[in-house]
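Remember, predicted model here, so these are calculated numbers, not experimental data. In this chain, residues are counted from 1 in sequence order.
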Amino acid sequence: LSNNTVIFTAASTKQEAYSMKRQLKKDGHVIAFVQDMETLKEGGVLRLVEEYVAGYGLSMEDELNLKDYFGYWEVLRQCCGQQMSMRWRNDMMPQKFKTSKFAPHP
């Protein structure tokens, strides 16, 4: 890879992220950031933005834009994406696709 390549990668745990980062450095890459789901769960989106800003050397304006963007994204991913509750998703399905294992929301 060329010297101006940015590698985006993610890990499930802090340990996996550490191992990835160590291996990429060993392979001669400059690493700004490796995202892991464990840290994301602990610190939420605001911590993720702080790590992006620090890792990529972003400006205050970039930080504000990212916080704004991810604020909306976080709501959408929970209400309308894969992280929507199975019960709520079932409520929104057409009747012929609903399952009886979930009671409807009150």
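In terms of the ring pair (Phe, Tyr, Trp, His ring centres under 6.0 Å) criterion, residue partners of Tyr52 (sequence neighbours excluded) are, by chain and number, Phe33, Tyr56. With sequence neighbours left out, the side-chain hydrogen bond (donor to acceptor under 3.5 Å, both in side chains) criterion links Asp68 to no other residue. Listed by chain and residue number, nothing satisfies the side-chain hydrogen bond (donor to acceptor under 3.5 Å, both in side chains) test with Thr99 (two or more places apart in sequence, or in another chain). With sequence neighbours excluded, no residue forms a side-chain hydrogen bond (donor to acceptor under 3.5 Å, both in side chains) with Lys98. In this structure, Glu16 has no side-chain hydrogen bond (donor to acceptor under 3.5 Å, both in side chains) partners at least two apart in sequence or on a different chain. Leu40 pairs by the side chain to side chain contact (heavy atoms under 4.5 Å, CB included) definition with Gln35, Met37, Leu48, not counting sequence neighbours.
Applying the 6.0 Å contact sphere to CD of Glu42 captures more than 12 heavy atoms from other residues, nucleotides or ligands.
Between Tyr18 and Lys21, every side-chain heavy-atom pair lies at or beyond the 4.5 Å cut-off. Using a 4.5 Å cut-off on side-chain heavy atoms (C-beta onward), Tyr69 and Val49 make no contact.
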Worked check of side chain to side chain contact (heavy atoms under 4.5 Å, CB included) between Leu46 and Phe70: CA-CA 8 Å; Leu46 292 181; Phe70 280 120; over 6 Å; no
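Of the inter-residue distances, the one linking Gln23 atom CD with His29 atom NE2 reads 9.0 Å to the nearest 0.5 angstrom. The line from NZ of Lys41 to CG of Asp36 is 10.0 Å long, rounded to the nearest 0.5 Å. Atom CG of Asp91 is separated from atom CZ of Phe102 by 10.0 Å, given to the nearest 0.5 angstrom. A distance of 10.5 Å separates CG in Leu58 from CG in Asn65, rounded to the nearest 0.5 Å.
Looking at Glu63, its side chain never comes within 3.5 Å of a backbone N or O of Val53 through a donor-acceptor pair. Judged by distance alone, the side chain of Asn90 and the main-chain N or O of Arg87 form no donor-acceptor pair under 3.5 Å.
Pairing each heavy atom of Ala17 with each of Ala11, the nearest pair is N-CB, 3.5 Å.
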